[in-house]
Amino acid sequence: MIKNAVFYFSGTGNSLNIAKDIAKEMENCEIISMGSSKNYDLQAGYETIGFVYPTYYRGEPQKVREFISNLNLKNNQNTYYYAITTCGKYDGNALVHIKYLLKRKDIDLTYGKKIVMFSNYVVAYDMRETIEEETKQSQKDLIQIIQSIKNREINKLFITEPLQEIAYRVLIKFAHNMDKHYNVSDDCIGCGICKKVCPVGNVDLDDNNIPCFKHHCEQCVACIQYCPKKAINYKNKTQSRRRYTYPGIKYTELAEMNKND
Ligand SMILES: Cc1cc2nc3c(=O)[nH]c(=O)nc-3n(C[C@H](O)[C@H](O)[C@H](O)COP(=O)(O)O)c2cc1C
């Protein structure tokens with residue numbers, strides 16, 4: 001029987017939605033979280049294997065790198081491999097890094113594409129107001145990408161400017177500890193959504209159900225974005241900024257997929 005797999009990582013649902021839409025179009029396709037699945041035991045015989053993840057600092061999240069490094073692909077040498085990175089605009093080397101990572105395992109990343117989606121990094125900027133337009137556009141762009149995957153298209157990926165590479169290497173190192181600057185206001189109602197949506201189990205609740213952060217944060221900002229009270233903030237930067245989550249991806253779905261409940 002034909003089988004396909006899509007591995008995804010997602011904070012605010014963009015990449016999960018892409019993974020779901022791809023999976024719908026592929027026969028018998030599993031969707032697997034790269035955040036919460038530890039030592040995933042991949043069986044043999046997949047026709048296609050995809051990786052879908054957000055661009056962080058012009059590269060990939062550390063968890064994605066770690067997950068793919070640990071993934072045993074020996075039994076899937078003749079599979080069609082593709083990677084899709086969702087980004088606000090600039091994907092930098094987010095795809096090419098995965099190509100090189102797979103190359104070390106003697107695997108060719110046959111096809112890689114970025115898809116521009118709503119840019120969610122509320123810690124760094126006040127997010128755009130164009131959710132509806134951007135969502136519609138990305139849905140349109142995805143149709144072509146899915147077609148390319150179905151046609152088993154091949155494309156070449158090259159490293160972009162070295163400056164972007166340097167920026168990635170510097171910034172990604174800070175990500176894990178940036179949660180030291182997260183604060184929780186008195187508006188927190190102790191609902192625990194922050195813990196459930198965190199794809200890497202970085203959030204715990206104290207005796208009063210107030211979140212605390214464990215310093216292996218990926219900076220996916222799911223806890224900030226899904227908090228129904230805007231009670232989680234970064235320094236004094238995000239209090240007045242709007243929040244974003246992909247329309248239609250509810251926290252319950254991420255929680256279920258994260259198996260972090
Ligand atoms: C830590 C962080 C870094 C980001 N860096 C970039 C970037 O370098 N280039 C870009 O175009 N978008 C960047 N973004 C935006 C995300 O890539 C984009 O919103 C993505 O679709 C979010 O996916 P998700 O909802 O699945 O988490 C960044 C977002 C975060 C949280």
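These numbers come from a predicted model, not from an experiment. Computed over heavy atoms, backbone and side chain alike; hydrogens, waters and symmetry mates excluded.
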One thing to verify: whether E47 and K3 come together as a salt bridge, which I'm taking to mean a side-chain N less than 4.0 angstrom from a carboxylate O.
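Judged by the 4.0 Å cut-off on N to carboxylate O distance, K3 and E47 do not form a salt bridge.
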
Residues that Y251 engages under ring-ring contact (aromatic ring centres under 6.0 Å, His included), provided they are two or more places apart:
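Per chain and number, Y251 pairs via ring-ring contact (aromatic ring centres under 6.0 Å, His included) with no residue.
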
Set of ring-ring contact (aromatic ring centres under 6.0 Å, His included) partners for F67, sequence neighbours left out
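F67: ring-ring contact (aromatic ring centres under 6.0 Å, His included) contacts with F7.
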
Listed by chain and number, what are the side-chain contact (heavy atoms from CB on, under 4.5 Å) partners of K89, not counting sequence neighbours?
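Not a single residue meets the side-chain contact (heavy atoms from CB on, under 4.5 Å) criterion with K89.
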
Checking N72 now: which residues fulfil side-chain contact (heavy atoms from CB on, under 4.5 Å) with it, not counting sequence neighbours?
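By the side-chain contact (heavy atoms from CB on, under 4.5 Å) rule, N72 matches K74.
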
Taking only residues two or more places apart in sequence, or in another chain, which ones meet [X] in a salt bridge (Lys or Arg N to Asp or Glu O under 4.0 Å)?
| X | value |
| --- | --- |
| D108 | none |
| K150 | E25 |
| K103 | none |
| E253 | K20 |

Checking N4 against N28: is there a side-chain donor and acceptor pair closer than 3.5 Å?
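No, no side-chain donor-acceptor pair sits under 3.5 Å.
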
For E66, check side-chain hydrogen bond (donor to acceptor under 3.5 Å, both in side chains) against everything at least two apart and list the hits.
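Residues passing side-chain hydrogen bond (donor to acceptor under 3.5 Å, both in side chains) with E66: K63.
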
Partners meeting side-chain hydrogen bond (donor to acceptor under 3.5 Å, both in side chains) with S119 (sequence neighbours left out):
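Only Y125 meet the side-chain hydrogen bond (donor to acceptor under 3.5 Å, both in side chains) criterion with S119.
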
Taking distance alone, no hydrogens or angles, what donor-acceptor pairs closer than 3.5 Å link side-chain atoms of residues 225-232 to residues at least two apart or in another chain?
from	atom 1	to	atom 2	distance (Å)
Q225	OE1	Y244	N	2.7
Q225	NE2	N120	O	2.8
Y226	OH	I249	O	2.9
K230	NZ	R241	O	3.1

Which pairs with one or both residues in residues 134-171 pass ring pair (Phe, Tyr, Trp, His ring centres under 6.0 Å), sequence neighbours excluded?
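For residues 134-171: H97-Y168.
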
